[in-house]
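Here is how names work: the chains are called A, B, and so on, in the same order as the sequence lines, proteins then strands, and each is numbered from 1.
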Amino acid sequence: MRASDVPLDAHTFPSVLKACSLLANLDCGSEVHGFAVKCGFDSTVFVVNSLVAMYAKCDRIDEARQLFDRMIDKKDVVSWNSIISAYSANGQSREAINIFREMNKAGVAVNSYTIVGALQACEDPSFVKLGEAIHGVILKADQQLELYVANALLVMYSSCGRIDDALGIFHGINEKDNVSWNSMLSGFIQNELYTEAVEFFHEMCEMSLKIDEVSHVSVLSALGRLGNLSNGMEVHAYAAKRGLVSNLQIANTLMDMYAKCGNVSYMGQVFFNMAYKDFISWTTVIAGNAQNSSYSEALELFRKVQSEGIKVDCMMIGSILLACGGLKSVSHTKQIHNYIIRRGLFDLVLENSLVDVYGECGEINYASQMFETIKNKDVVSWTSMVSSFSCNGLANEALKLSHRMGEAGIELDLVALLSVLSASASLSTLKAGKEVHGLFIRKGFPLERSSASSLIDMYARCGTVENACKIFDYVGNRDIVLYTSMINAYGMHGQGKKAISLFEKMISSGLVPDHITYLALLYSCSHSGLINEGIEFFRTMKSDYQLEPWTEHYACVVDLLGRANCVDDAYNFVKDMPIEPPSVVWCALLGACRVHSNFEIGEIAARKLLELEPQNPGNHVLVSNVFAAMGRWKDVDEVRMRMSSLGLKKKPACSWIEIGNKIHAFRVQDKSHPQSIEIYSKVSQITERLEKEGGYLADTKFVLHNMTEEEKKKMLYGHSERLTIAYALIVTSPGVPIRITKNLRVCGDCHTFTKLVSKFIEREIIVRDANRFHHFKNGRCSCGDFW
DNA sequence: GTAGGGTTAG
């Protein structure tokens, strides 16, 4: 239609503008605005009102506001209502409420449209008080709530987390319509009450209400979050029967449901069958792949998005970054980072994700640079950086950063506290861990689920299994995660019998163990030398609970057989594995060969290990240790040469102890400590005493260098754990247990040395090495000399 | 001129 061809009536404009609004087509809308000006209708109130609504729907709230302001005293109630709902729909609650107040002050009589608009603004929980006040006013004026108003009240309460009030409104509505039912349904979902949502949906079905597209979308999203695949498929079939699968939003939600239920192939089928896909379809399918570890597929889909010119937004990039993190691929991450910069797609979520993903890729410098450039760091930014430090072995930096976070005035939430807790646990710093425990209490976080499990883990890893036990006893509602953490805690400390009886208690309380529970249990058995029990548990996990063992479970059994000096059986077991044995299994076998001096199988395991993971310096060190123990120096040299030709460096050994508020760390042959002279003389003094009283004889086969016996002995005296023990004996009082942490495994000679110290100097010593705890007491160690 | 639905993060 052209303004010049047809004489236009002012009443034509609202309907045309309505069409523009529905299509969110700003170009058309502006053109119509132009016509209106040309025709001189741009001061006709109902035309301007429609223009205001159109601009608001097209995300041009400022243009809408200008038009509204220009009307001055011509505004009618519709004008006020339009601008209020425009601001509400735009999430600008504060502005909507200001105008609502201004309108009241101006003495304009409000109607139900006004109330609905104002209530929408109160969907922001910080304005719920005003919402309540409006509710009160309406109740006074009318006995019976108008349906639109009642529905808006319902939504307002459920958005503010007041599901009971929402239900109250819902039940008070006499003539409920679809919107009432669907709003209630999505209210449950907003408040994470997914089971209730599904029950409510069934109630809707039973009452043979019209289940429309919106109801389908809602219930599918609830089923996805519950991971309820079978019901999800039922709803899918139901929707298909009614021809609703061609609905774009239903198809998108179906994909999300399948992804959240872990079924990528069903998701793919829906995607493939969609006749029309929007960019949310692509985002959903990319996110679904990334969440289900199909990282390369996610990246492949993103390439297609780019080549087909499909719209890309921050959410889509967020999922791509998840895939980059899963692949631990620095190059992909950098590519996406550049893409974000080129397209100007930055938002806080993406910046935070980049910190996280660079951390996961082991690029702590990039993570840190990214973190520093974020202008308005929120608690997620800080937490991402803390976990990046933590998962890259920089737990000390993680703790320091958590203090900076507090100083920056950031309120630590549950996730932040959990990541700080895990940093304290990996450092074994009981003091820091206890501080975080204190924060949990002060901030009023309930001791349950993830917080309780993490605290148990922290106390266990900090060497105080008693405290772990106290937490466990305190928690009333125990799930398998909690039991598993506690079983693991006992296992770490060589208290296998307690682990088993806790497992039995768990079974009798009606809980069903999973793979992780069995892993903790088998690990406990192997670390306590409970060989027959462990092998029996390995059998029952399959027969009683249909759990197909993972490679880690196989590794535990190899370890168990190795302890029983059944190295041949262990090797046969490995050969009979239904899956290709991974490095953990060969590692366990190699350990058995070392202890029982089985050179033949040891050699096979060593070669396999180096073949599978040639880039892991730890494996080379382990293999060269075993060759050294066999006295095969030629092979030791060969492994070392290979290491250096691959550019691999041995991780330097380090041990540390917490004294007062300070962590004292020692490296091999470390002379940097201020009391270094005193420490070395303490080592000689103890060594002499142990030689005399305990018959200690330095076992130089643990020195992996070719040098004279005297030089080798000197090397042993400078081992990091020995320096730490000597320092602890200088600065702590008799009778106080000594708790030491070491980043690698304890060497055999240090193990003997520590046992003797525990007997002749009468000191309990607890050492946490890379694998487990050693409790040295009265000349014995809880590991039974097998580690 | 009013209301309800789908995709991202530590």
Review point. Taking the side chain of A:Val78 as heavy atoms from C-beta outward, which of B:dG1, B:dG5, B:dG10 is closest to it?
Key: B:dG1

Check your understanding: Which part of the nucleic acid, if any, lies within reach of A:Val379 when heavy atoms closer than 4.0 Å are counted: base, sugar-phosphate only, or nothing?
Key -> base

Exercise for review: Check every strand shown and say whether A:Asp378 touches a base, only sugar-phosphate, or nothing at a heavy-atom separation below 4.0 Å.
Suggested key: nothing

Practice item. Check every strand shown and say whether A:Asn151 touches a base, only sugar-phosphate, or nothing at a heavy-atom separation below 4.0 Å. Key: base

Review point. Once you round it to whole Å, what is the distance between C1' of B:dT7 and CG of A:Leu322?
Key: 13 Å

Check your understanding: Which of the following nucleotides, B:dA3, B:dT8, B:dT7, is nearest to the side chain of A:Val179?
Key -> B:dA3

Exercise for review: Determine the contact category for A:Asn49: base if any of its heavy atoms lies under 4.0 Å from a base atom, sugar-phosphate if only primed atoms, P, OP1 or OP2 are that close, otherwise nothing.
Suggested key: nothing

Practice item. Would you mind classifying the nucleic acid contact of A:Ser387 as base, sugar-phosphate or nothing, using non-hydrogen atoms under 4.0 angstrom? Key: sugar-phosphate

Exercise for review: Check whether any side-chain N or O of A:Lys260 sits under 4.0 Å from OP1 or OP2 of B:dT8, and answer yes or no.
Suggested key: yes

Practice item. Without swapping roles, check the side chain of A:Ser453 against the backbone of A:Ser450 for a donor-acceptor pair under 3.5 Å. Key: no

Practice item. Measure from the side chain of A:Ser353, starting at C-beta and using heavy atoms only, and say which of B:dA9, B:dG5, B:dT7 lies closest. Key: B:dA9

Exercise for review: Select base, sugar-phosphate, or nothing to describe what A:Thr284 touches, counting heavy atoms under 4.0 Å on all strands.
Suggested key: sugar-phosphate

Practice item. Round to the nearest Å and state the distance from A:Met274 atom CE to B:dT7 atom C1'. Key: 12 Å

Point to revise | Side chain of A:Val415 (C-beta onward), nearest among B:dG10, B:dA9, B:dT8 | key: B:dG10

Practice item. Could you work out which one of B:dG10, B:dA9, B:dG1 sits closest to the side chain of A:Asp356? Key: B:dG10

Practice item. Check the pair A:Tyr295 / A:His332 against ring-ring contact (aromatic ring centres under 6.0 Å, His included), numbers first and verdict last. Key: CA-CA 11 Å; A:Tyr295 308 123; A:His332 281 113; over 10 Å; no

Study note, to complete from the structure: Taking B:dG5, B:dT8, B:dT2 as options, the one with an atom nearest any side-chain atom of A:Ser186 is B:dG5

Revision key, fill the gap. Output for pair (A:Ser402 OG, A:Phe389 CZ), nearest 0.5 Å, gives 11.0 Å

Check your understanding: Between B:dG5 atom C1' and A:Asp177 atom CG, what is the distance in whole Å?
Key -> 15 Å

Exercise for review: Look at all strands and tell whether A:Ser319 reaches a base, only sugar-phosphate, or nothing, counting heavy atoms closer than 4.0 Å.
Suggested key: sugar-phosphate

Practice item. Among the candidates B:dG10, B:dT7, B:dG1, find the nucleotide nearest to the side-chain atoms of A:Asn111. Key: B:dG1

Point to revise | Non-neighbouring partners of A:Lys400 that pass side-chain contact (heavy atoms from CB on, under 4.5 Å), sequence neighbours left out | key: A:Glu397

**Study point:** From A:Met103 atom CE to A:Ile83 atom CD1, the distance as rounded to the nearest 0.5 Å
**Key:** 12.5 Å

Practice item. Looking only at side-chain atoms of A:Lys18, point me to the closest of B:dG5, B:dT2, B:dG10. Key: B:dT2

Point to revise | Interatomic distance where CG belongs to A:Leu321 and P belongs to B:dG10 [whole Å] | key: 11 Å

Exercise for review: Quickly work out the A:Asp278 CG to B:dT7 P distance and round it to whole Å.
Suggested key: 12 Å

Check your understanding: Does the ring of A:Tyr113 meet both stacking tests against the six-membered base ring of B:dG1: centre distance under 5.5 Å and plane angle under 30°?
Key -> yes

Review point. Considering residues at least two apart in sequence or located in another chain, which fulfil the side-chain hydrogen bond (donor to acceptor under 3.5 Å, both in side chains) criterion with A:Ser180?
Key: A:Asn151, A:Asp177

Practice item. Take the protein atom CG of A:Leu345 and the nucleotide atom C1' of B:dT8, then report the distance between them rounded to whole Å. Key: 13 Å

Practice item. For the side chain of A:Val116, starting at C-beta, report the closest nucleotide among B:dA9, B:dT8, B:dT2. Key: B:dT2

Check your understanding: So which nucleotide from B:dT2, B:dT7, B:dG5 ends up closest to the side chain of A:Ser112?
Key -> B:dT2

Point to revise | A:Gln291 CD to B:dT7 C1', straight-line distance once rounded to whole Å | key: 9 Å

Review point. Side-chain donor or acceptor of A:Glu213 under 3.5 Å from a matching atom on the base of B:dG5?
Key: no

Review point. Between CD of A:Gln190 and OG of A:Ser183, what distance do you get to the nearest 0.5 Å?
Key: 9.5 Å

Review point. Which part of the nucleic acid does A:Ser384 contact within heavy-atom distance under 4.0 Å: base, sugar-phosphate only, or nothing?
Key: sugar-phosphate

Exercise for review: Indicate, with a heavy-atom threshold strictly under 4.0 Å, whether A:Asn247 touches base, sugar-phosphate, or nothing.
Suggested key: base

Exercise for review: Specify the separation, in whole Å, of atom CG of A:Leu185 and atom C1' of B:dG5.
Suggested key: 9 Å

Check your understanding: Hey, is the side chain of A:Thr383 pairing donor to acceptor with the base of B:dG10 inside 3.5 Å?
Key -> yes

